[in-house]
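Report on the structure given below.
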There are 2 protein chains.
Amino acid sequence: MFKKVPQIASKENISKIKRLREQALSVDHLVDGIFKGDKTALARAITLVESSAQEHLQKAEAIIEKCLSKKSHSVRIGITGVPGVGKSTFIEVFGKMLTEKGKKVAVLAVDPSSSLSKGSILGDKTRMQTLARDPNAFIRPSPAGDSLGGVAQKTREAMILCEAAGHDIILVETVGVGQSETAVHGMVDFFLLLKLAGSGDELQGIKRGIIEMADAIVINKADGPNEEQANWAKTEFTRALHLYPPKKNEWTPKVLTCSATENKGIIEIWQLIKDFVALTKQNGSFVDNRVRQRKNWFLQGVDEHLKRQFYSGQSSKSLLKKYLSMVEKGKMAPSHAIRKLFAEYRQ
Amino acid sequence: MFKKVPQIASKENISKIKRLREQALSVDHLVDGIFKGDKTALARAITLVESSAQEHLQKAEAIIEKCLSKKSHSVRIGITGVPGVGKSTFIEVFGKMLTEKGKKVAVLAVDPSSSLSKGSILGDKTRMQTLARDPNAFIRPSPAGDSLGGVAQKTREAMILCEAAGHDIILVETVGVGQSETAVHGMVDFFLLLKLAGSGDELQGIKRGIIEMADAIVINKADGPNEEQANWAKTEFTRALHLYPPKKNEWTPKVLTCSATENKGIIEIWQLIKDFVALTKQNGSFVDNRVRQRKNWFLQGVDEHLKRQFYSGQSSKSLLKKYLSMVEKGKMAPSHAIRKLFAEYRQ
């Protein structure tokens, strides 16, 4: 007997992929497939969107535009936590609970440290085997990219495609390298920080600024002998959250414990998120936040474009080097150096 | 009998100012005065540096350049706190203690909300009357400006001039409007947060991110019936500080109490700052921090210049408006809008 082949790699899917490859990747064909919830079409379209090849750009933009026009009532949930906290197991159990409730779940990731542009697909599939086989779940690893901005942009666009494919819960996972939590926080409705009850000094090890971003802190692995520590950590984190002023959206961040392996406390987390969505939709901050996120994404992109244009030039690079060195040595005031730099640059 | 005229407005000074005005404001003359510690020359030079008139630019830059070449062993201390916390009284008492120890003190300010470009000079002088009359103190109100970036830049430059004039302690006060604390934190060696023991819920009212910036939290007005509350607040803040991971410079932020009006706990604050300086000079982070600040100041300035150049144009403004509106309505993905914007802009 052979081991059961996961659905995604079934014979039927493989031949389907081949057929799609043989066809021209027509925009209408892909969008049609996405709207029907065809995971293969969705995956192909995301690949197009992630491509940096110039010839794919217009097709990608046309696909995104069409997908934007499709109404969605999705909830976007960001999930972060240090390696070892049990993110994969948590997402698998949490996702499974959602699909059992009839939800369609998409799992995306922002991992600027990943250089495994292809390998990590299999990696993620292995990590979340049960969810990967679920017809109502779609798992996509982090896009590769040189910059966090680029990686985050592609994930944002993949999210739009997943929503058009009918996925109403989008889970965006991040490993928390550098500023990646801020990037994920800027693209989701609800931000969940996974923690582990450990050595008793949990708060000390927490990354700066992250508590302020969290809508919920969930202490995982609250099972067996860890349970007491988890409850202790819950008290500590609750106190820490009280140190911050109330959020504008009127939501008070909460601390919960759970055990992903024992499937305990998982439904409570979903209930909490539903409370959050109900509150913020009612007071208008849910929509306000989405509009603000789109606006920021655009304005940040404009600034990045301006910088890229300038910093990629050969003359600007050498001018920057020259004046930066003078500034660092304290020989020239920065304002003076900037004026001279741009005067030379314009020549 | 007339009331004693403060030294700064003495007859001698007034005629000196007149003479200076009659002379051409020669760079060498001003720099010479600054190096001799002449407060009138210093004030005139700062006015030049703060001027936005094009004809003053080169003189100002020449003065700054010369002042940069003068060696200084200054300590730059940022002081923030909400209105009513007693900043002026604290600075007066703290400054006076320093001048009595033979230090030369300069008090600068970053207040982007101030539109009193002239009036506030007198305002500040009134607030710190004793210090203003002290020959070893120099008080300069916040420069006026449209943007925090502009105000902060001028204060940074004024700081260089004060240091060249022999002021070895620079106190930079900020009212904490918007991002002004971040701006001041980025130009000082030591950042002091003044707090008041009040209603018993001190931490709740604290501005986001500020605890992370503080090298010391000083609870002022710890006198009379307030003393108990102040000690309670000290415990609370100490605990809050422990929630943060250690700083790279190896400094552990401390909480102290003081009473500026009763002159209690003031020397202890100075001792703490001396400990900080000793530690960070020994481990190299003092100098590293200054180099990094200069570098950031330069790089931020380059980015600001790029943006200003772009955003001030008429065509870019209307393009931004057009595409931002499409993005906000969710009709176009930001990445697409950015590409179209710059394609149109280049035409």
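First the proteins, then the strands, lettered A, B, ... as listed; each starts at 1.
- Neither the backbone nor the side chain of A/Arg290 comes within less than 4.5 Å of any heavy atom of chain B.
- For B/Gln309, the part lying under 4.5 angstrom from a heavy atom of chain A is the side chain only.
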Can you list the steps and then say if B/Tyr323 with A/Val302 is a side-chain contact (heavy atoms from CB on, under 4.5 Å)?
CA-CA 11 Å; B/Tyr323 285 107; A/Val302 169; over 6 Å; no
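- Closest non-hydrogen pair, A/Ala337 versus B/Phe298, comes out as CB-CE1, 3.7 Å.
- Between B/Lys307 and A/Leu306, the shortest heavy-atom contact is CA-CD1, 4.2 Å.
- In this structure, B/Lys254 places its NZ atom where more than 12 heavy-atom neighbours from other residues, nucleotides or ligands lie under 6.0 Å away.
- Ranked by heavy-atom pairs shorter than 4.5 Å toward chain A, the options B/Ile338, B/Leu341, B/Ile64 are led by B/Ile338.
- Considering only heavy-atom pairs separated by less than 4.5 Å from chain B, the leading option among A/Lys329, A/Met332, A/Arg294 is A/Arg294.
- Partner of A/His336 under the side chain to side chain donor-acceptor pair (under 3.5 Å) criterion, out of B/Gln58, B/Glu61, B/Glu157: B/Glu61 alone.
- Considering only heavy-atom pairs separated by less than 4.5 Å from chain B, the leading option among A/Ile160, A/Val327, A/Leu57 is A/Val327.
- Within the model, atoms OG of B/Ser335 and CH2 of A/Trp297 stand 5.5 Å from one another, a figure rounded to the nearest 0.5 Å.
- Annotation for B/Lys295: atom NZ does not count as buried by contact number, only 12 or fewer foreign heavy atoms lying within 6.0 Å.
- For A/Gln153, the part lying under 4.5 angstrom from a heavy atom of chain B is the side chain only.
- Atom NZ of A/Lys340 has 12 or fewer neighbouring heavy atoms from other residues, nucleotides or ligands inside a 6.0 Å radius.
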Apply side-chain contact (heavy atoms from CB on, under 4.5 Å) to the pair B/Leu299 and A/Leu320, showing each step before the final yes or no.
CA-CA 9 Å; B/Leu299 293 176; A/Leu320 266 170; 4.3 Å; yes
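- No salt bridge links B/Glu65 with A/Lys331; every basic N to acidic carboxylate O contact stays at or beyond 4.0 Å.
- Counting heavy atoms of neighbouring residues, nucleotides and ligands inside a 6.0 Å radius, atom CD of A/Gln54 does not exceed 12 of them.
- Taking chain B as the reference chain and counting heavy-atom pairs below 4.5 Å, the highest number among A/Arg239, A/Gln300, A/Arg292 is found for A/Arg239.
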